[in-house]
Amino acid sequence: MRELVIDGTRISDEDDCYVVAEIGHNHQGSLEKAKDLIRAAKECGANAVKLQKRDNRRLYTREMYDAPYDHENSFGPTYGAHREALELGRDEYLELKRYADELGITLFATAFDHSSVEFLAELDMPAFKIASGDIHNTPLLRHVASVGKPVLLSTGGATLEDVRRAVDAILPLNRSLCLLQCTAAYPAEVEDLNLRAIVTLRHEFPDLVVGLSDHQNGIAMALVAYMLGARVIEKHFTLNHAWKGTDHAFSLMPEGLRKLVRDLRRVPLALGDGVKRPLPCEEPALRKMGKKLVAARDLPAGHVLAASDLEAKSPADGGLKPYELDRLVGRTLARPLLYEEAITFEDLEPLEAEAAASEALSPG
């Protein structure tokens with residue numbers, strides 16, 4: 001059975017969708033903004049919040065680290081300085097982990113390099129995320145897997161062969177793995193989401209929980225993903241679309257995240273048990289809109305009914321339903337019916353009596 005447990009929360013096909021609010025670096029390097037984001041995500045009903053951790057000096061080449069970064073979203077004159085300005089250190093992570101524990105929401109992070117894996121492992125993070133860009137990085141995959149915590153692997157830009165290679169690197173060391181369908185574009189357009197890949201991943205890896213890392217600007221596609229079998233949904237999260245940074249424009253604001261969580265929780269209830277039947281909640285409307293068979297005019301006892309003698313009229317508060325009309329035509333009334341009076345089978349002569357009367361009228 002597909003099952004994953006993160007920080008005591010079970011994720012499976014039978015459980016509620018696990019919602020991760022991806023903060024990333026939307027905190028802009030501010031501890032207080034990070035706390036505000038964590039608190040807001042908790043208030044919206046998210047199960048977890050996720051940060052990103054990089055050892056920038058080791059992660060980037062010297063050329064990339066020192067490259068000028070003259071950009072409207074830059075936090076420094078070079079790309080390295082920009083990335084360092086967004087990075088949180090050990091003390092900040094410890095404080096945020098304590099704060100998240102106090103609020104009752106899970107905090108974990110994406111590790112982009114070996115040094116960051118060690119950093120997060122020392123903090124006893126309850127899970128690890130691996131970004132799409134590292135799906136080919138089997139040394140990092142094995143290093144993360146060896147920590148022994150649940151692993152969520154994004155699969156953006158990957159072929160099925162790439163995913164198999166990554167899974168084969170992780171599973172011998174760690175069976176707690178979730179695969180996330182992902183389109184590594186920021187934002188991702190609807191036509192590029194390829195949500196049917198969720199079905200493909202579920203079929204190819206029948207023992208693994210599958211989810212969606214959703215970079216699309218909206219919530220509806222995440223609901224479609226749930227219907228296709230995704231049981232983890234990750235969405236970028238911010239408190240202000242106008243804040244400096246590329247992620248903010250396509251990240252969900254609190255109202256959007258709140259609606260997403262609400263709707264994901266509603267889906268299992270809306271699916272029901274599949275048994276087609278009338279429900280008690282439908283009774284008032286169907287009584288008002290439904291119809292019963294009534295006399296089209298005053299009808300005397302002994303009258304043999306024709307189709308034109310009866311009409312279907314609302315409300316459906318008794319009598320016979322219109323589909324019974326064929327069974328009434330040709331039958332004899334045992335009592336008179338007034339105009340618009342509902343008819344029942346008890347208003348008819350018994351079939352035996354009708355047969356006997358018919359026989360008595362037969363010639364010979």
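Remember, it's a predicted structure, so these values are computed and weren't measured experimentally.
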Q: With sequence neighbours excluded, tell me which residues meet side chain to side chain donor-acceptor pair (under 3.5 Å) with Lys235.
A: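 Here the qualifying residues are Asp214.
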
Q: Decide, yes or no, whether a salt bridge links Asp36 with Arg39 under the criterion of side-chain N to carboxylate O below 4.0 Å.
A: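 A salt bridge is present here (some side-chain N lies under 4.0 Å from a carboxylate O).
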
Q: Is the shortest distance from a Lys or Arg side-chain nitrogen in Arg164 or Glu204 to a carboxylate oxygen in the other one below 4.0 Å?
A: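 Salt bridge: yes.
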
Q: Group every Ile, Leu, Val, Met, Phe, Trp and Tyr by side-chain heavy-atom contacts under 4.5 Å, then state whether Val190 and Tyr186 land in the same group.
A: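 No: no chain of side-chain contacts under 4.5 Å links Val190 to Tyr186.
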
Q: Are Met125 and Leu103 linked, directly or through other ILVMFWY residues, by side chains that come within less than 4.5 angstrom of each other?
A: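 Linked, Met125 and Leu103 end up in one cluster.
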
Q: What residues, two or more places apart in sequence or in another chain, satisfy side-chain contact (heavy atoms from CB on, under 4.5 Å) together with Glu118?
A: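 Glu118 satisfies side-chain contact (heavy atoms from CB on, under 4.5 Å) with His143 once adjacent residues are dropped.
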
Q: Does atom CG (Asp70) have a neighbourhood of more than 12 heavy atoms from anything else shown, all under 6.0 Å?
A: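 No - once you tally the heavy atoms of other residues, nucleotides and ligands closer than 6.0 Å, there are 12 at most.
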
Q: Mind running side-chain contact (heavy atoms from CB on, under 4.5 Å) on Cys178 and Val210 for me, showing each step along the way?
A: CA-CA 6 Å; Cys178 171; Val210 174; 6.0 Å; no

Q: Can Glu87 and Arg83 be counted as an ion pair, charged N to O under 4.0 angstrom?
A: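 Arg83 and Glu87: not salt-bridged.
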
Q: To the nearest 0.5 Å, what is the distance between NZ (Lys292) and OG (Ser314)?
A: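 Going from NZ on Lys292 over to OG on Ser314, the span is 7.5 Å.
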
Q: Just do the side-chain contact (heavy atoms from CB on, under 4.5 Å) check on Arg231 and Tyr226 with the steps written out, would you?
A: CA-CA 6 Å; Arg231 289 300 179 267; Tyr226 180 92; 3.4 Å; yes

Q: Salt bridge between Asp16 and Arg266, side-chain N to carboxylate O under 4.0 Å?
A: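 Looking at Arg266 together with Asp16, the answer is no, because their closest N to O distance does not fall below 4.0 Å.
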
Q: I need the single residue from His241, Gln216, His236 that forms a side-chain contact (heavy atoms from CB on, under 4.5 Å) with Phe250. Which is it?
A: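 Per the side-chain contact (heavy atoms from CB on, under 4.5 Å) rule, the option paired with Phe250 is His236, out of His241, Gln216, His236.
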
Q: Please say whether more than 12 non-hydrogen atoms of neighbouring residues, nucleotides or ligands are located less than 6.0 Å from CE in Met227.
A: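 Result for CE/Met227: open.
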
Q: Honestly, is Lys244 close enough over Phe75, meaning NZ or CZ under 6.0 Å from the six-membered ring centre and within 45° of the axis?
A: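 Yes, Lys244 sits over the ring of Phe75.
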
Q: According to the interplanar angle, ranging from 0 to 90°, do the rings of Tyr79 and His82 count as parallel (below 30°), tilted (30 to 60°) or perpendicular (above 60°)?
A: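 Because their plane-to-plane angle lies in the 30° to 60° range, the rings of Tyr79 and His82 count as tilted.
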
Q: Is Leu193 reachable from Ile219 through a run of I, L, V, M, F, W or Y residues, each pair having side-chain heavy atoms under 4.5 Å apart?
A: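 Yes, Ile219 and Leu193 fall within the same hydrophobic cluster.
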
Q: Honestly curious: do Val224 and Leu252 fall in one hydrophobic cluster under the side-chain, below-4.5 Å linking rule?
A: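 Per the 4.5 Å side-chain linkage, Val224 and Leu252 are co-clustered.
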
Q: In chain order, what residues pass the side-chain contact (heavy atoms from CB on, under 4.5 Å) check against Arg90, with sequence neighbours excluded?
A: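 Applying side-chain contact (heavy atoms from CB on, under 4.5 Å) to Arg90 gives Leu94, Phe119, Glu122, Leu123.
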
Q: Counting only heavy atoms from other residues, nucleotides and ligands, does the tally under 6.0 Å from CZ of Arg265 exceed 12?
A: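 Count over threshold, so yes.
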
Q: Could you work out, with side chain to side chain donor-acceptor pair (under 3.5 Å) as the rule, every residue matching His136, not counting sequence neighbours?
A: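 Partners of His136 under the side chain to side chain donor-acceptor pair (under 3.5 Å) test: Asp162.
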
Q: Indicate yes or no for a side-chain donor-acceptor contact from Thr61 to the backbone of Met64 under 3.5 Å, with no hydrogens or angles considered.
A: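 Yes, Thr61 side chain to Met64 backbone: donor-acceptor pair under 3.5 Å.
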
Q: Linking Ile, Leu, Val, Met, Phe, Trp and Tyr by side-chain heavy atoms under 4.5 Å, what else ends up with Ile6?
A: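 Joined to Ile6, directly or through intermediates: Leu4, Ile11, Tyr18, Val20, Phe108, Leu152, Leu180, Val209, Val232.
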
Q: So how far is it from Ile343 CD1 to Leu320 CG, rounded to the nearest 0.5 Å?
A: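 Spacing of CD1 (Ile343) from CG (Leu320) equals 6.5 Å.
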
Q: Does a donor on one side chain and an acceptor on the other come within less than 3.5 Å for Ser251 and Asn26?
A: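 Yes - a donor-acceptor pair under 3.5 Å links their side chains.
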
Q: Does Met221 share a hydrophobic cluster with Leu212, counting links as ILVMFWY side-chain heavy atoms below 4.5 Å and allowing steps through other members?
A: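 Yes; Leu212 is reachable from Met221 via cluster members.
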
Q: Check Asp347 with Arg335, please: is the shortest side-chain N to carboxylate O separation under 4.0 Å?
A: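 Asp347 and Arg335: salt-bridged.
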
Q: Would Glu84 and Tyr65 count as a side-chain contact (heavy atoms from CB on, under 4.5 Å) here? Give the steps.
A: CA-CA 10 Å; Glu84 298 291 6; Tyr65 189 92; 2.9 Å; yes

Q: How would you list, by chain and number, every residue that makes a side chain to side chain donor-acceptor pair (under 3.5 Å) with Asp309, sequence neighbours excluded?
A: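 Only Arg297, His303 meet the side chain to side chain donor-acceptor pair (under 3.5 Å) criterion with Asp309.
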
Q: With a 4.0 Å cut-off, would you call Asp207 and Arg2 a salt bridge?
A: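 No.
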
Q: So, Thr344 and Glu346: side-chain donor and acceptor under 3.5 Å apart, yes or no?
A: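 Side chains of Thr344 and Glu346: pair found under 3.5 Å.
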
Q: Taking NZ, NE, NH1 and NH2 as the nitrogens, is one of them in Lys291 or Glu311 under 4.0 Å from a carboxylate oxygen of the other?
A: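 Glu311 and Lys291: not salt-bridged.
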
Q: Regarding Glu324 and Arg327, does a basic nitrogen lie under 4.0 Å from an acidic carboxylate oxygen?
A: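 Looking at Arg327 together with Glu324, the answer is yes, because their closest N to O distance falls below 4.0 Å.
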
Q: Would you call Lys149 and Asp124 a salt bridge, using N to O less than 4.0 angstrom?
A: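 Looking at Lys149 and Asp124, the cut-off is met.
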
Q: When you check the gap from the basic side-chain N to the acidic O, do Arg10 and Glu3 get nearer than 4.0 Å?
A: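 A salt bridge is present here (some side-chain N lies under 4.0 Å from a carboxylate O).
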
Q: Given side-chain contact (heavy atoms from CB on, under 4.5 Å), test Lys53 with Thr110 step by step and report yes or no.
A: CA-CA 6 Å; Lys53 185 59 184 170; Thr110 300; over 6 Å; no

Q: Between Glu349 and Thr332, is any side-chain donor less than 3.5 angstrom from a side-chain acceptor?
A: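 No, no side-chain donor-acceptor contact under 3.5 Å.
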
Q: Could you measure the distance from the CD atom of Gln28 to the CG atom of Asn73? Nearest 0.5 Å is fine.
A: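 These two atoms lie 9.5 Å from each other.
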
